[in-house]
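Structure record follows, encoded as structure tokens.
Computed over heavy atoms, backbone and side chain alike; hydrogens, waters and symmetry mates excluded. Labels below follow one simple rule: chain letters A, B, ... track the order of the sequence lines, proteins then strands, and each chain is numbered from 1.
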Amino acid sequence: MIKRFLLGALLGAATVWGGFSLYHPVALTRENSQIKVIPNGYSQEVFRINVPRDIVLDDSEQNPTPDNLDWSAASFLPGMQVNIFKIRDINGRVIGVASRMVSSDLAKERISEWLLHLPARGNIYVAMSGERTADGAYLGSIKQGTGNFEGVTGELTERFVKDAGLSLEPESAIELSFLTQSAGQAQ
Amino acid sequence: MKNWMSLLLGFVSGCVLFLTALYFNPMGKAHTVSPLAVVDAQRFEFNYSLNPTHSLLFTNNGNSRVRPFPVKVQELWEPTIGDTEALVTVLHDSENKAVGVGVKFSSLSDESRVLGGKMLVNSVWHLYAKNAGSAFIEQTENQWPYLMGVIIPAKLNSLIKFGDAGEWEGVWFGNMTVGPNALGTAKVTGGTGILSGVSAEAVEFVYAAKFSDASGPIAETAKLTVAVIPTQESD
């Protein structure tokens with residue numbers, strides 16, 4: 001009887017061990033990346049933020065999002081603008097989130113940065129240079145990439161695309177176009 | 001019949017023993033000493049509350065124990081970001097003076113394994129502080145010790161109370177950061193200010209005193225320490 005008990009205990013422990021070995025508590029959902037290879041060795045990927053649908057946080061006084069946002073605790077940083085957005089791939093599927101920090105207090109330190117967080121792929125940290133193209137787009141460069149973007153260098157062009165008036169609900173967009181080169185390509 | 005009963009009793013005992021060993025596994029205990037404690041470096045401390053109602057904004061998929069704040073904030077319900085949380089909070093220095101604002105994105109990692117005692121979270125900070133500048137911090141956190149020390153005891157209290165929301169009260173603190181750097185520290189990339197262009201590492205500690213099974217952290221704070229590592233030229 002004791003032998004059977006011990007055999008059962010062994011079986012029980014082995015069952016739990018086996019179950020946990022096979023069990024993966026997290027299974028991230030991945031979308032295929034929409035990367036376009038450019039002939040000169042660069043890759044281009046465009047992300048889109050639909051406005052206002054993808055705004056999670058906008059700390060502006062005129063039109064805060066959410067509208068019951070209380071930003072008074074951060075009022076000691078005048079001129080600092082913080083945004084959080086959902087970001088979509090070029091096919092309109094949400095693939096991550098992004099934060100943007102901009103300081104309009106140019107008398108002090110100038111800050112204009114993006115952080116893109118794509119859970120299944122990695123992160124991209126971008127510093128905007130303040131330069132603008134002829135068509136009004138802002139330019140920036142990648143300071144750091146992690147995960148799939150580790151070692152990636154390149155430029156970001158941030159462009160505001162006005163609503164084309166084709167849909168019933170007006171929706172403009174912020175377009176983030178990355179022109180990148182991986183560490184291997186750069187050598 | 002007796003033999004089968006012995007086998008069944010043994011099986012249940014084996015399951016319970018294995019789960020108990022997993023719960024009390026000493027390898028899963030919190031690390032309470034910072035790997036940066038012995039580093040001679042300029043440090044910046046950023047403290048913040050883990051109670052979402054003390055933050056500027058907190059959001060997740062809307063189905064978690066911790067509810068988004070404020071109430072009308074958009075939820076991250078899409079499948080690709082369903083395991084992601086976003087926190088925006090004021091950062092305080094060691095004298096509890098507000099010095100900056102930080103955005104933290106945390107996503108569960110698919111490298112989490114129950115048997116290895118790994119409940120891994122890939123998190124990133126995008127922060128600006130008046131005294132330090134802006135920075136991007138990438139870290140891997142292991143929330144297993146916090147799960148075993150705080151969340152499960154609160155859940156067990158709920159079960160004992162037969163449905164009433166259980167709470168955990170006590171003293172728990174531990175280092176959440178386990179990577180990606182070799183010493184188990186977070187990687188810091190400076191953007192502007194003092195942190196621009198320097199070599200820096202970070203760790204994040206959690207101090208828990210009260211946790212509710214129904215609503216999450218009640219009295220809990222976290223401390224993010226950024227240490228600027230001197231380079232050989234500056235020695």
Non-hydrogen atoms of chain A under 4.5 Å away: do they reach the side chain of [X], the backbone, both or neither?
X: B:Phe11; answer: both
X: B:Ala135; answer: backbone
X: B:Asn122; answer: backbone
X: B:Val88; answer: side chain
X: B:Ser134; answer: both
X: B:Glu111; answer: neither
X: B:Thr84; answer: side chain
X: B:Leu127; answer: backbone
X: B:Ser109; answer: backbone

Just by distance, no angles: are the side chains of [X] and [Y] close enough, under 3.5 Å, to form a donor-acceptor pair?
X: B:Thr177; Y: B:Gln139; result: yes
X: B:Tyr146; Y: B:Glu220; result: yes
X: A:Asp59; Y: A:Trp71; result: yes
X: A:Thr133; Y: A:Asp135; result: yes
X: B:Ser158; Y: B:Asp213; result: yes
X: B:Glu138; Y: B:Trp125; result: no
X: A:Gln81; Y: A:Asn83; result: yes
X: B:Ser123; Y: B:Glu141; result: yes
X: A:Asn123; Y: A:His117; result: yes

Against chain A, work out which of [options] has the most heavy-atom pairs shorter than 4.5 Å and name it.
options: B:Val90, B:Leu115, B:Leu19, B:Leu57; value: B:Leu115
options: B:Ser13, B:Ala86, B:Gly191; value: B:Gly191
options: B:Thr89, B:Leu120, B:Val99; value: B:Val99

_Passing candidate, side-chain hydrogen bond (donor to acceptor under 3.5 Å, both in side chains) with A:Tyr125, options A:Glu113, A:Lys143, A:Gln144_ = A:Glu113

What residue in [options] has the most heavy-atom pairs under 4.5 Å with chain B?
options: A:Leu28, A:Leu57, A:Asp70; value: A:Leu28
options: A:Ala27, A:Ser21, A:Ala14; value: A:Ser21
options: A:Leu7, A:Leu118, A:Val97; value: A:Val97
options: A:Ala73, A:Gly12, A:Gly19; value: A:Gly12

Under-4.0 Å salt bridge between [X] and [Y]:
X: B:Glu201; Y: B:Lys187; value: no
X: A:Glu45; Y: A:Arg121; value: yes
X: A:Arg93; Y: A:Asp89; value: yes

Portion of [X] that has a non-hydrogen atom of chain B nearer than 4.5 angstrom:
X: A:Ala120; value: neither
X: A:Ala74; value: both
X: A:Asn68; value: both
X: A:Leu11; value: both
X: A:Val82; value: side chain
X: A:Leu6; value: neither
X: A:Ser99; value: both
X: A:Ile55; value: backbone
X: A:Asp54; value: backbone

*asked:* Return the CD1 to CD distance between B:Ile81 and B:Glu75, rounded to the nearest 0.5 Å.
replied: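 These two atoms lie 11.0 Å from each other.
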
*Atom CZ of A:Phe47 and atom CG of A:Leu116: how far apart are they, to the nearest 0.5 Å?*
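With rounding to 0.5 Å, CZ (A:Phe47) is 6.0 Å from CG (A:Leu116).
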
